[in-house]
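We use all heavy atoms of the structure for the numbers below, so side chains are in, but hydrogens, waters and symmetry mates are not. In this text the structure is predicted, and so the values were computed from the model without any measurement.
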Amino acid sequence: MDEQKSQPAYLEGLNKPQKEAVLHIDGPLIVLAGAGSGKTRVITHRIVHIIHQGIAPHNILAVTFTNKAAKEMRERVISLTKQHFSSDRAVIDSYPLVTTFHSLGVRILREFHDTLNLRRHFTIYDRSDSQKAVKQAIEKCDYNPKEFEPRKMLSLISRAKGDAKTVLEFKDAANSYPEQVAGEVWEKYEEILRAEHALDFDDLLAKTLFLLKEHKSIRETLQQRYKYIHIDEFQDTNQVQFSIVKMLCSELQNICVVGDIDQNIYSWRGADIKNVLEFERSFPRVHTVLLEENYRSTGTIIAASNEVIKKNKNRVEKNVFTSNQDGEKIVLYAGMNGHAEADYIAMTAKKLISEGAEPAAIAVLYRTNFQSRALEEAFLTSDVPYQLIGTKFFERKEVKDVLSYLRLALNPGSNADLTRVINEPTRGIGKVTMLKVIEGKENELNAGTAKKVQGFNEIMSDIKNAAETKPLSDTIRFIMSRSGLESKFKEERTEESMERLENLRELVTLASRFNDMDPSDAVEALLENAALQSDQDEIKEKEEENAVRLMTIHAAKGLEFPYVFISGLEQGLFPHERLDDGKIDNEEERRLFYVALTRAEKKVFLTYAHMRTIFGNQRVNVPSEFLNDIPVEYVEQAEPEGIGGGSGYETTVYLD
């Protein structure tokens, strides 16, 4: 009893395995955490414990995958630190670094930009910027972009960078003609990026790894700085991320990774399940802790999800359990077609809301984006408020235009930004003139055209001055006005132009969050925020909007809702049959279904359609094999009829 009383307050409320993970701070630790088992709680309380042992907060690093997750973890760490060290100014004036992998890469690359001959204000290409540059590279290599699609070429290059390969290693290993072409294109693409003082999304990690590998002094500086390292969602790391982690670890190997193989759902973008399975090989002294108690979901949901995931072979055995009540059964509904399914979901959501549920407490999950269209129609018809997650704020054209003005002002070598805004809004500057400007041949322009270009240059000079001196929100307002975008939208006076103007005003609001920073640092923070935004950050941007969330299961990873609909449970749709080769990765698809089930706290609704129109063709569906993984005692069937009885979920299709 005395021992219980004398323990620090931050250990209270932790279960035995959680406490074991928090207290083990020396040497490598892997925490295998089931869904809803309190892994974020473990990381945040472990950080507080490390500080309690006398370690300076700035020597602690925690890395996760989305801005939203990093923000929430950072806020919890700050709150706990203030709570337990309120009298220690040295602690509360210096916080641990809680960030994402890509933000950490940006931070390191900006600090050591000279080593890579980069400008501090380098441009970060988003996916569309990269595709345009790859298209240019394909053409410069004398290949046809219609034959070698830029999107596919970029995908090959991106995957290779994620596997920590260099362009030379990729070319040497190429064993097909498309790969040989991709190697040539990659080389030309790198030249374009260098000329633009730009890095693409993958470079933020690949170039960081290069710095750590090739420059011992930088590696040792960072190892001294980050003496205690935490990696969240470790199952989602790819090769380059794991290599960075190993490089940042000093000989002490004070590293804690937290993950769940059963939630590895990103192999298509390079996440390597072997990083979890082979962690012990890299860190032989590793201590392992299992977190198996789920605090989120009902007993029924946990029992059903356990039955689903135990069919997978490539996993670490664990038995997730909960002390929560069994709760309601899982509802299964079969619609005659996709529209009937969507109508059922919208009407059921409306009924839940009428019974007292908040709209934001309801999520509708689907396997692929095309499924959202029928759902949106149904929610509009039923007059149920909804928010479609996936159309990122920073990808809207008008927002990208303003950010391009900002980037170009600080990085005049960015031709991608120059071509985007030099004639936006229209200034009478055509493509021929634009090429002459890019090539530095402005002296060849006639007097009238030269005057137009001079006018644009004056705009950019004024924006640069504003960006270096004004609070960031004032700079954004200035760009809207000085560029002519604001007056253009006001003059058009269409519904679309007014919506675009509202989006720019929202950008001003967003920028005001950075007003207390030095203007130059504020610009960097906003541009980094824009480049690294994820689907989940879209929820954060509009979290005051009390609406049902519609999103893919991938976008829902890490989130939780009292009520969850999982739609489109048909063979070929979920589990999903790949369009390129018709194959199904059953283990990953089952993990995805497991993730979807464990987002729910109170109740799950599973739905499918007997017939669905896909790519213009109507097809008759077989219910998903995953439905047979759930024992019948956990399921109740929804009206209307159409689902047969028996031991599984056989279905009868009624045709007119």
Asks: If only atom types and distance count, is the side chain of N294 paired as donor or acceptor with the main-chain N or O of T322 below 3.5 Å?
Replies: no
Asks: Atom SG in C249, atom OH in Y226: separation rounded to 0.5 Å?
Replies: 13.5 Å
Asks: Could you tell me the separation between the CG atom of L61 and the CG atom of N254, rounded to the nearest 0.5 Å?
Replies: 12.5 Å
Asks: Find out whether L526 and L403 are in side-chain contact, i.e. whether some heavy atom of one side chain is under 4.5 Å from a heavy atom of the other.
Replies: yes
Asks: Decide yes or no for L32 and T288: does some side-chain heavy atom of the first lie under 4.5 Å from some side-chain heavy atom of the second?
Replies: yes
Asks: Side chains of S520 and L410: does their closest heavy-atom pair fall under 4.5 Å?
Replies: no
Asks: Report the C-alpha distance between D200 and S130 in whole Å, list the side-chain angles of each, state the deciding distance to 0.1 Å, and finish with yes or no for side-chain hydrogen bond (donor to acceptor under 3.5 Å, both in side chains).
Replies: CA-CA 7 Å; D200 69 16; S130 292; 4.5 Å; no
Asks: Could you report the tightest heavy-atom contact between L104 and T99, atom names first, then the distance?
Replies: N-OG1, 3.7 Å
Asks: With rounding to the nearest 0.5 angstrom, report the CD to CD1 distance, E307 to I302.
Replies: 12.5 Å
Asks: Is any side-chain heavy atom of E233 closer than 4.5 Å to one of K557?
Replies: yes
Asks: Side-chain contact, heavy-atom cut-off 4.5 Å: E588 with R591?
Replies: yes
Asks: Do other residues, nucleotides or ligands put more than 12 heavy atoms under 6.0 Å from E280 CD?
Replies: no
Asks: Scan F605, Y386, Y366 and name whichever one has a ring-ring contact (aromatic ring centres under 6.0 Å, His included) with F565.
Replies: F605
Asks: Go through it in stages, so that I can follow the logic: the residues are Q241 and F65, the test is side chain to side chain contact (heavy atoms under 4.5 Å, CB included), and I'd like the CA-CA distance, side-chain angles, deciding distance and then a yes or no.
Replies: CA-CA 11 Å; Q241 287 162 335; F65 273 82; 3.7 Å; yes
Asks: Run E72 and R76 through salt bridge (charged side-chain N to carboxylate O under 4.0 Å, His left out) and show every step you take.
Replies: CA-CA 6 Å; E72 289 172 357; R76 284 169 74 168; over 6 Å; no
Asks: M551 and L559: which non-hydrogen atoms are nearest, and at how many Å?
Replies: SD-CD1, 4.0 Å
Asks: T81 versus P57: any side-chain heavy-atom pair under 4.5 Å?
Replies: no
Asks: One pair to check against salt bridge (charged side-chain N to carboxylate O under 4.0 Å, His left out): K39 and D260. What are the steps and the verdict?
Replies: CA-CA 10 Å; K39 63 183 178 59; D260 181 7; over 6 Å; no
Asks: Is it true that E20 and K16 make a salt bridge, defined as a side-chain N closer than 4.0 Å to a carboxylate O?
Replies: no
Asks: Under the side-chain hydrogen bond (donor to acceptor under 3.5 Å, both in side chains) criterion, do Q224 and N59 qualify, and how do the steps go?
Replies: CA-CA 8 Å; Q224 279 300 304; N59 289 142; over 6 Å; no
Asks: Does the side chain of R107 reach to within under 4.5 Å of the side chain of E528, using non-hydrogen atoms?
Replies: no
Asks: Is the gap between the ring centers of F234 and F242 under 6.0 Å?
Replies: yes
Asks: Can you name the closest pair of heavy atoms from M517 and A525 and give their distance?
Replies: CE-CB, 4.0 Å
Asks: In chain order, what residues pass the side-chain contact (heavy atoms from CB on, under 4.5 Å) check against P519, with sequence neighbours excluded?
Replies: none
Asks: Only one of H49, R46, Q83 forms a side-chain hydrogen bond (donor to acceptor under 3.5 Å, both in side chains) with Y10, so which one is it?
Replies: H49
Asks: Indicate yes or no for a side-chain donor-acceptor contact from Q263 to the backbone of V595 under 3.5 Å, with no hydrogens or angles considered.
Replies: no
Asks: Answer whether the closest heavy-atom distance between the side chains of L592 and F574 falls below 4.5 Å.
Replies: yes
Asks: If you count every heavy atom of other residues, nucleotides or ligands that lies below 6.0 Å from K246 atom NZ, does the total exceed 12?
Replies: yes
Asks: If you measure from CZ on R219 to CE on M247, what distance do you get to the nearest 0.5 Å?
Replies: 6.0 Å
Asks: Show the numbers, then the answer: is there a side chain to side chain contact (heavy atoms under 4.5 Å, CB included) between V523 and T475?
Replies: CA-CA 9 Å; V523 169; T475 298; 5.6 Å; no
Asks: About how many Å separate CG of N324 and CZ of R296, when rounded to the nearest 0.5 Å?
Replies: 11.0 Å
Asks: When rounded to the nearest 0.5 angstrom, what distance separates CG in D26 from CG in L23?
Replies: 11.0 Å
Asks: Which pair of heavy atoms, one from L472 and one from N515, lies closest together, and at what distance?
Replies: N-OD1, 3.2 Å
Asks: When you compare the side chains of S217 and E220, does any donor N or O come within less than 3.5 Å of an acceptor on the partner?
Replies: no
Asks: Please assess F122 against L116 for the test side chain to side chain contact (heavy atoms under 4.5 Å, CB included), listing each intermediate value before the final yes or no.
Replies: CA-CA 11 Å; F122 58 80; L116 290 172; over 6 Å; no
Asks: Taking CD in Q53 as the centre, count heavy atoms belonging to other residues, nucleotides or ligands within less than 6.0 Å. Is the count above 12?
Replies: yes
Asks: Is there a donor-acceptor pair closer than 3.5 Å between any side-chain N or O of D163 and the backbone N or O of K165?
Replies: no
Asks: Given the rule in the side chain to side chain contact (heavy atoms under 4.5 Å, CB included) test, do L199 and L118 qualify, once you have shown the distances and angles that lead to the verdict?
Replies: CA-CA 9 Å; L199 298 179; L118 268 176; 3.8 Å; yes
Asks: Please report the closest heavy-atom contact between S297 and T598, naming both atoms and the distance.
Replies: OG-O, 4.1 Å
Asks: Looking only at non-hydrogen atoms, find the nearest pair between R285 and P28 and report the distance.
Replies: C-CG, 3.8 Å
